[in-house]
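The structure under discussion appears below in the form of structure tokens.
In the text below, chain A, chain B and the rest are named by the order of the sequence lines, each starting its count at 1.
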Amino acid sequence: MDHLSHVGTTLWSTLLDVFPIIAIIFGFQYLVIRRAIPNLKRVLTGLVYVTLGLGLFLVGLEEALFPLGKLMALQLTDPVFVHGATSGITEMLRWQDYMWVYIFAAAIGFATTIAEPALIAVAIKASDVSGGAINIWGLRIAVAIGVAIGIALGTFRIVTGTPIHLYIVAGYIWVIIQTFFAPRLIIALAFDSGGVTTSTVTVPLVAALGLGLASTIPGRSPLIDGFGLIAFASLFPMITVMSYAQISYWRARQQSRLSSGSETKAQDS
Amino acid sequence: MYKRLHHIVFPMWESVRDLMPIFVVVAFFQLIVLQQPVPDPGKLFFGVFMLVIGLTLFIKGLNMGLFPIGESMAYAFARKGSLFWLLAFSFSLGFGTTVAEPALIAVANEAADVAADGGMIDRTEDARNAYAFGLRYTVAFSVGLALVVGVIRILKGWPIHYLIIVGYIGVVVMTFFAPKEIIGIAYDSGGVTTSTITVPLVAALGVGLASSIKGRNPMIDGFGLIAFASLTPMIFVMGYGMII
């Protein structure tokens, strides 16, 4: 019964979230464009599926993933676990002691990104538009690697207490330089992938990790140091997506050079 | 019969595959690193089942509803040729979907606590609520503005990286003047504004516009709206922190 009432309230709040979007779409469609929507019945069914799907997905996250993930974030950042049960907690902790936290940050960042519905949507669209040149899984894995690096580095920053803007500014400079070397087709998509990664699945878990870390490490304030992980998670995917394009471009060129090389050899003989 | 089954089972199998990494990571850390038993397996099983069904339905609805409507509206606006209404639609979409976004409401409330702690505003409930409310509308306005700028860029075919570089410079300059307490929240606010429903819709809108205008490449020009939507909130939140 408890489950059912939870499903009900979550579906209701999803409906409330979706409502402004639906209102804007249909408002403009009927008042400004003044044209019937093509395949109206199919589109409406699709919108029902999207709302229902997102609602059930959120129920699943709250029932299964978030309690466990948040608990794990707290346990992993607990000084008793970090330090080992044998020694005193009063001793200063070094950043190396948090190795499991970095590994957890990277692993959970990667895994939640693969499951992020918004990223799946953008990957489908990009693969569609590029005629398959951009591989759905290639893009998703590239973004996931970026989020993994970003969150691991972000937890390292919280542990060491270095100012966030140094990392972000350095990251921006890197992104700008890389933009001039990356294939033109990927650039807009790479910039977009920074924003889409952090949604439904990733944000709550990552926020829990940041707040857990900042509240257990002496000298960190959860209010000031607990934030910033999401910024890291939106920065690094830009770099990895551009790198992914550069690598596939380079490999395609390598391959065409190889095949044209073997052709000339065949002609010689 | 087989075909029908295939239509149901295959998408669900794909969802299971999408969720598999999370299960592996959680199981590994829970059982091997932390060496704790799994609490309440029944609840866990129910949650996993909901995750699989939910993701499957969402992806199906995406291709049936959100993508087609985003694209058909883009085509309709392009054919109608009214710049004003297109920009009005873009602004409403950005503003309307952001102002009610639960993640943003949570971040705004936390930012109000930070501001109260840092002595920027009074420690009263009223002052905090007013601060959070103002912040939400600031971010929503900035997302609306971002979509307007992004749509103009698609229409004009401007290269995206110049605009992004200008945005980055804006962020960096603001960082040096904004109160220290607000910076982390400002940086995060860029990531939380773009919700799961908005992203597919905005992507479809951009791609639809770029493919209905002659001389625009949907790949080069069509993407990038989400990038703007996650950049402007950072600047505006820091600006908000400086003014209040």
Give me the contact list for residues 84-91 of chain B versus chain A, heavy atoms only, anything under 4.5 Å, ordered by residue number.
Trp85(B), Ala88(B), Phe89(B)
Asp192(A) side chain to Gly224(B) backbone, donor-acceptor under 3.5 Å
yes
Just to verify, which of Leu54(A), Thr14(A), Asp17(A), Leu119(A) counts as forming a side chain to side chain contact (heavy atoms under 4.5 Å, CB included) with Thr196(B)?
Leu54(A)
Please, which pairs that meet salt bridge (charged side-chain N to carboxylate O under 4.0 Å, His left out) have at least one residue in residues 32-47 of chain A, sequence neighbours excluded?
none
Side chain, backbone, both or neither of Val207(B) within contact of chain A (heavy atoms, under 4.5 Å)
side chain
Proximal component of Leu225(B), with respect to chain A [non-hydrogen, under 4.5 Å]
backbone
For the interface with chain B, which of Tyr172(A), Phe191(A), Phe104(A), Tyr49(A) has the highest count of heavy-atom pairs at distances below 4.5 Å?
Tyr172(A)
Report yes if the side chains of Val43(A) and Met64(B) come closer than 4.5 Å at any heavy-atom pair, otherwise no.
no
Can you pull the salt bridge (charged side-chain N to carboxylate O under 4.0 Å, His left out) pairs that have at least one residue in residues 69-82 of chain B, sequence neighbours excluded?
Lys125(A)-Glu71(B)
Closest non-hydrogen atom pair between Leu62(B) and Val50(A), with its separation:
N-CG2, 3.5 Å
I need the Arg184(A) CZ to Met219(B) CE distance, nearest 0.5 Å.
12.0 Å
Please list all pairs meeting salt bridge (charged side-chain N to carboxylate O under 4.0 Å, His left out) that have one or both residues in residues 45-64 of chain B, counting only residues at least two apart or in different chains.
none
Heavy-atom cut-off 4.5 Å, strictly under: side chain, backbone, both or neither for Asp221(B) against chain A?
neither
